[in-house]
Colleague: 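Before I ask anything, here is the structure I am working with.
All ligand and atom numbering here is 1-based and tracks the order in the structure. For the numbers below, each heavy atom of this structure counts, side chains included, while hydrogens, waters and symmetry mates do not.
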Amino acid sequence: MLRKETDFDLTGRNTFGMKVRCACFVEYDSEEDLRTLDFNSLPQPVMPVGEGSNLLFTGDFRGTLLHSGIRFVKYVDLGLDDVYMAVGAGVIFDDFCHRACEAGYWGAENLSLIPGQVGAAAVQNVGAYGAEVSDIISGVVCYDTVERKKVTFKGKDCRYAYRDSRFKGEDKGRYIVTSVLFHLTRKHSPNTAYKGIGEALGGTDPKTPQQVREAVIRIRRQKLPDPCETGSAGSFFKNPVVSENRFRVIAAQARENGGEEVPHYDAGEGKVKIPAAWLIDRCGLKGVVERGAAVYEKHSLVIVNQSGDASPDDILALEKRIINEVDARFGVKLQPEVEHI
Ligand code: EPU
């Protein structure tokens, strides 16, 4: 069934808690609903949204937001080791992780507690603790708004990269994800290489995905704000990839300032990825307040709606300050991870 509202209040529909509105909000429950929807009659532009957990509304939205209410979970193929789960785009992503872990299927446990819906997770290629959702995506079923028909992409054809996919790039706006086919396994296959995970498990080999899930949840609760209590959109910036030369300059600077090692990861092709949180931290920006907005005191990659009624301009002012200060000190231009609308 289609539910349509005009001049819709988005305050409870974005985890940042921005007090903004949209001209039209449409919720649909099936692909059939999308087929019957007259896109041209809706206020433009038309944009799909999930739970608004990775968005910053910079003002009222003059167009239409489409929200998925497709909430089925089906076990498609239960082989000896392999398990395929087809999950509607409107299912809360962590509900899927919870069900998979509870059933003893490996693959989704490191992604536990990531906010948002399944469809949005597949668009953004969400990731955490050494895993990306693209690692377990076998296929993505979409509604093509141009050809007005169903289309299925294999995982390898979704052009997945760090927090990126074809659905965010050249095909933005064309495809609406209706469901995702996940490939999980019963075979004991914990992914505990990420430093914090091994530590949270006390160096023991986890027997079940549920054990890893619990460790991930403990870490996330320590480091990241609870979206029900403090408005934020998780990591605000992407971790930048810099040239080896730039990395050497930053490493030398850190050595001069007290001998600290710069955390970094090999990004291939002679490039190095540095945690944006570390760069922001070393600029002394952790905890700084800009009117209603602040850099979260437990993790500097997160901008929070500190006062509870921060405006989009407060967040944007803090974003600009962080970008400028990190650039001035390290010569690195941070890119937002959060989508600005
Ligand atoms: N660090 C600091 N100061 C801080 C926090 C971290 O210096 O306040 C440094 C530490 O050296 C730490 C390193 O940054 O070792 C990395 O921190 P963390 O492990 O928390 O990961 P991250 O790179 O900051 C990324 C994702 C998170 C994800 C974590 C864990 C991005 C943009 N963010 O953060 O994803 O949970 O890894 O895997 O890639 C999100 O996308 O919303 C998100 C929360």
Colleague: Pull out every atom of ligand 1 sitting under 4.0 Å from any heavy atom of F237, numbered as shown with elements.
Modeller: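 Once the distances to F237 are compared, the set is 32 (C).
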
Colleague: I need the atoms of ligand 1 closer than 4.0 Å to a non-hydrogen atom of R220, numbered in the order shown.
Modeller: 36 (O)

Colleague: Any atom of ligand 1 sitting under 4.0 Å from a heavy atom of G127?
Modeller: yes

Colleague: N/O of K298 under 3.5 Å from N/O of ligand 1, yes or no?
Modeller: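 So ligand 1 has no N or O lying under 3.5 Å from an N or O of K298.
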
Colleague: Closer than 4.0 Å to some heavy atom of Y162 - which atoms of ligand 1 meet that?
Modeller: 31 (C), 32 (C), 39 (O)

Colleague: Does the side chain of D313 come under 3.5 Å of the side chain of S311 through a donor N or O and an acceptor N or O?
Modeller: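 No - no donor-acceptor pair under 3.5 Å links their side chains.
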
Colleague: Taking distance alone, with N or O pairs closer than 3.5 Å, would you say Y265 contacts ligand 1?
Modeller: no

Colleague: With distance as the sole criterion, is a donor-acceptor pair present between the side chains of T185 and D81 under 3.5 Å?
Modeller: no

Colleague: Could you pull out every donor-acceptor pair under 3.5 Å between side chains of residues 220-240 and any protein atom, sequence neighbours left out?
Modeller:
residue: D226; atom: OD1; partner: C228; partner atom: N; Å: 2.9
residue: S232; atom: OG; partner: G234; partner atom: N; Å: 3.2
residue: N239; atom: OD1; partner: A276; partner atom: N; Å: 2.8

Colleague: Relative to ligand 1, is H299 under 4.0 angstrom through side chain, backbone, both or neither, heavy atoms considered?
Modeller: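 Near ligand 1, H299 shows its backbone as well as its side chain.
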
Colleague: If you measure every N or O of Y194 against every N or O of ligand 1, does any of those distances drop under 3.5 Å?
Modeller: yes

Colleague: Can you see whether F72 has K74 sitting over its ring - NZ or CZ less than 6.0 Å from the centre and within 45° of the normal?
Modeller: yes

Colleague: Run the side chain to side chain contact (heavy atoms under 4.5 Å, CB included) test on F167 and F153 for me, step by step, so that the C-alpha distance in whole Å, both residues' side-chain angles and the decisive distance to 0.1 Å come before the verdict.
Modeller: CA-CA 11 Å; F167 311 113; F153 294 100; 3.9 Å; yes

